[in-house]
Amino acid sequence: MSSHADQRQRRSVFGVLRSARLRALLGLGVVLSVGATGTFAFWTDDVVISGTTFTSGTLDLQVNNADAPSTTTLGMAAMVPANTSAEILTIKNNGTAPLKYTLTGGLTGTDAAAYNTAASLKLTVVSAGTRSGSGNSSTCTGGTIIYGPTALTNVTSTAIIATRRGPLAAAGTEALCFQVTFDAAAPATLQGKTATATFTATGTSDVS
């Protein structure tokens, strides 16, 4: 018969072997689990989005279809008090982007200061008006007065249309009738005096 000591020794050896096998199986399970996770496969599909192009617009403000027009009928020669002259000036957006515009103007020349002091050349601007009469008796009729009658100054940056008008779309136009009146009370000291009116239309892409 085996002694109790032998039995205890065999149980001890068996327990050690069983623990070693269990640890080995657990370790193998962990390795297998990690290996299985890394073998998953995923399908993918790509869609390319194209055709998004950006092109800047152009800003091109013209008056009477020109970049530097010269008025032909607004000026007066041999004028006397109460004479008037008028001309249609058409503001045009010759670019591709919408725009608004403002207008400044005034008198230049040797005698600009004299006319400024007398406040005797008065400007009226009419939207959508028409020109009537001829020579030193032409006037603007109809339409809506958007400026004046106000005396032209000898400062060419004087605001005439201060609030931006528009917007004008590409190829859009607005006809403005300019009328200048030589004041009926103009002093005799202006006889033989000459001044030139200059106007500047300024377009902006800010149509807010």
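For Thr196, the side-chain contact (heavy atoms from CB on, under 4.5 Å) criterion is met by Thr108, not counting sequence neighbours. Remark: Asn94 pairs with Asp60, Gln62, Lys92 by the side-chain contact (heavy atoms from CB on, under 4.5 Å) rule, at least two apart or across chains. Residues satisfying the side chain to side chain donor-acceptor pair (under 3.5 Å) criterion with Thr194, sequence neighbours excluded, are absent altogether. For Ser208, the side-chain contact (heavy atoms from CB on, under 4.5 Å) test picks out Arg164, Asp206, with sequence neighbours left out.
Screening residues 151-162 for side-chain hydrogen bond (donor to acceptor under 3.5 Å, both in side chains) gives Thr153-Thr158 as the qualifying pairs, with residues at least two apart or on separate chains. Applying the ring-ring contact (aromatic ring centres under 6.0 Å, His included) test to every pair with at least one member in residues 185-208, sequence neighbours left out, gives these pairs: Phe178-Phe199.
Residues Arg131 and Ile88 come closest through the heavy atom pair N-CD1, 4.0 Å. Taking all atoms of both residues into account, the shortest heavy-atom contact from Ala170 to Gly95 is CB-O, 3.3 Å. The heavy-atom pair separating Ala201 from Val63 by the smallest distance is CB-CG2, 4.4 Å. Residues Thr139 and Ala86 approach most closely at C-CB, 3.6 Å, considering heavy atoms. Minimum heavy-atom separation, Ala97 to Gly57: CB-CA, 4.4 Å. Among all heavy-atom pairs drawn from Ser127 and Ile146, the shortest one is CB-CG2, 4.1 Å.
Remark: Leu99 CG to Ser205 OG distance equals 8.5 Å, nearest 0.5 Å. The CD atom of Gln179 lies 9.5 Å from the OG1 atom of Thr141; values are rounded to the nearest 0.5 Å. The OG1 atom of Thr104 sits 6.5 Å away from atom CD1 of Ile160, with the distance rounded to the nearest 0.5 Å. Interatomic distance, CG of Leu176 versus OG1 of Thr90, reported as 7.5 Å (0.5 Å rounding). One finds the CG atom of Asp111 at 12.0 Å from the CG atom of Asn116 (value rounded to the nearest 0.5 Å). Met79 contributes atom CE, which lies 8.5 Å from atom CG of Asn136 (distance to the nearest 0.5 angstrom).
Under the 4.5 Å side-chain heavy-atom criterion for Ile, Leu, Val, Met, Phe, Trp and Tyr, Tyr101 and Val126 are members of distinct hydrophobic clusters.
A distance-only check finds a donor-acceptor pair linking the side chain of Tyr115 to the backbone of Lys193 [under 3.5 Å]. For the pair Asn93 (side chain) and Ala169 (backbone), a donor-acceptor distance under 3.5 Å is present. Checked by atom type and distance alone, the side chain of Thr84 pairs as donor or acceptor with a backbone atom of Ser138 at under 3.5 Å.
At least one side-chain heavy atom of Leu190 sits under 4.5 Å from a side-chain heavy atom of Ser120. The closest side-chain heavy-atom distance from Leu121 to Phe182 is below 4.5 Å. Between Thr55 and Thr96, every side-chain heavy-atom pair lies at or beyond the 4.5 Å cut-off.
Of the candidates Thr173, Asn64, Leu103, Leu168, Leu168 is the only one forming a side-chain contact (heavy atoms from CB on, under 4.5 Å) with Ile91.
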inquiry  = What verdict does the side chain to side chain contact (heavy atoms under 4.5 Å, CB included) test give for Ile145 and Thr124, after you've listed the backbone C-alpha separation in whole Å, the side-chain angles of each residue and the deciding distance to 0.1 Å?
reply    = CA-CA 7 Å; Ile145 295 176; Thr124 302; 4.1 Å; yes
